[in-house]
Amino acid sequence: MSTAEAHLRTLFLRGLDGDAAAYRQFLSELAAHLRAFLRRRMFGWPDDVEDLVQECLLAMHNQRHTYLRDHPVTAWAHAIARHKLIDHLRQKSSREALHEPLDDALELVADSDTDAQEARRDLLVLLDTLPDRHRLPIVHTKLQGLSVAETAKLTGMSESAVKVGVHRGLKALAARLGIDKEAAA
């Protein structure tokens with residue numbers, strides 16, 4: 001029996017016999033022992049170690065009546081810690097199973113990016129069929145998000161001409177696509 005085992009066992013037995021100070025010291029020293037034990041097994045989740053140590057200490061306190069006085073206390077503590085660790089890993093894996101892998105989502109984003117690029121290309125081809133007085137106001141106000149005043153200043157058109165250009169350009173596009181003129185306006 002190691003000196004650490006003998007020391008912990010002595011403190012625990014004194015605690016079981018009613019020595020509150022010995023029991024507090026046992027829990028404190030056992031917590032440090034369990035922290036090292038769990039850290040080695042939970043290398044990728046250091047944030048979970050302290051929570052698991054507390055769960056183990058609580059379980060050991062609640063199950064202290066199951067300890068056999070002639071057995072090593074660290075073996076008993078490790079058995080409880082292993083069970084708590086397994087429970088923790090099961091819960092973690094069930095939570096992780098609810099998350100969709102990012103790789104699957106990337107396919108959706110890639111498809112939508114491709115669709116958006118194709119739609120933008122088709123729209124630009126369609127806009128190229130319009131005269132500049134209709135195309136430029138649509139491109140600047142509807143696609144680039146500029147105001148009517150900014151578009152007028154940029155194109156050298158009056159604000160009224162920009163508004164008319166947008167209206168007539170959209171009307172012409174709707175006619176080319178066979179869309180109801182009232183719906184397009």
Under a 4.5 Å cut-off applied to non-hydrogen side-chain atoms, are [X] and [Y] in contact?
X    : Y    : value
E55  : L52  : yes
L127 : L173 : yes
F26  : V73  : yes
L130 : R176 : yes
H88  : D51  : no
M60  : Y67  : no

Measuring from [X]:[atom1] to [Y]:[atom2], what's the distance to the nearest 0.5 Å?
X    : Y    : atom1 : atom2 : answer
R168 : R133 : CZ    : CZ    : 8.0 Å
H167 : I138 : NE2   : CD1   : 11.0 Å
T3   : L8   : OG1   : CG    : 9.5 Å
D48  : L89  : CG    : CG    : 9.0 Å
H65  : L16  : NE2   : CG    : 11.5 Å
L126 : R135 : CG    : CZ    : 12.0 Å

Which heavy atom of [X] sits nearest a heavy atom of [Y], and at what distance?
X    : Y    : result
S158 : A152 : C-CB, 3.9 Å
I80  : C56  : CG2-O, 4.3 Å
H61  : Y23  : ND1-OH, 2.7 Å
A81  : L34  : CB-CD2, 3.9 Å
G15  : A22  : N-CB, 4.3 Å
T66  : Q63  : OG1-O, 2.6 Å

Just by modelled atom types, is the R24 backbone N or O under 3.5 Å from a matching donor or acceptor in the S28 side chain?
->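 Not at all, since once roles are kept as given, no pair shorter than 3.5 Å links the two residues.
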Donor-acceptor pair, E5 side chain versus S2 backbone, under 3.5 Å?
->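 Checking the backbone N and O of S2 against the side chain of E5, no donor-acceptor pair under 3.5 Å is found.
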State yes or no: do L177 and L143 share one hydrophobic cluster built from I, L, V, M, F, W and Y residues joined by side-chain heavy-atom distances below 4.5 Å, directly or via other members?
->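 Shared cluster, yes.
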Is the number of heavy atoms from other residues, nucleotides or ligands within 6.0 Å of NE2 (H83) greater than 12?
->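 No, because the 6.0 Å sphere around NE2 of H83 holds 12 heavy atoms or fewer from other groups.
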For R35, does the CZ atom have more than 12 heavy-atom neighbours from other residues, nucleotides or ligands under 6.0 Å away?
->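 Counting neighbours around CZ of R35, more than 12 heavy atoms of other residues, nucleotides or ligands fall under 6.0 Å, so yes.
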Flag the pair D17 and R14 as a salt bridge only when some basic side-chain nitrogen lies within less than 4.0 angstrom of an acidic carboxylate oxygen.
->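 Result for this pair is no, no salt bridge flagged.
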By side-chain hydrogen bond (donor to acceptor under 3.5 Å, both in side chains), which residues pair with D87, not counting sequence neighbours?
->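 Result, side-chain hydrogen bond (donor to acceptor under 3.5 Å, both in side chains) vs D87: none returned.
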H33 vs H78 aromatic rings, parallel, tilted or perpendicular, using cut-offs 30° and 60°?
->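 Correct class here is parallel.
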Show your working on side-chain contact (heavy atoms from CB on, under 4.5 Å) between F12 and E29 and close with a plain yes or no.
-> CA-CA 10 Å; F12 187 53; E29 290 181 24; over 6 Å; no
Which residues pass the side-chain contact (heavy atoms from CB on, under 4.5 Å) test with T155, sequence neighbours left out?
->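 So T155 forms a side-chain contact (heavy atoms from CB on, under 4.5 Å) with L136, H140, T151, M157, V162.
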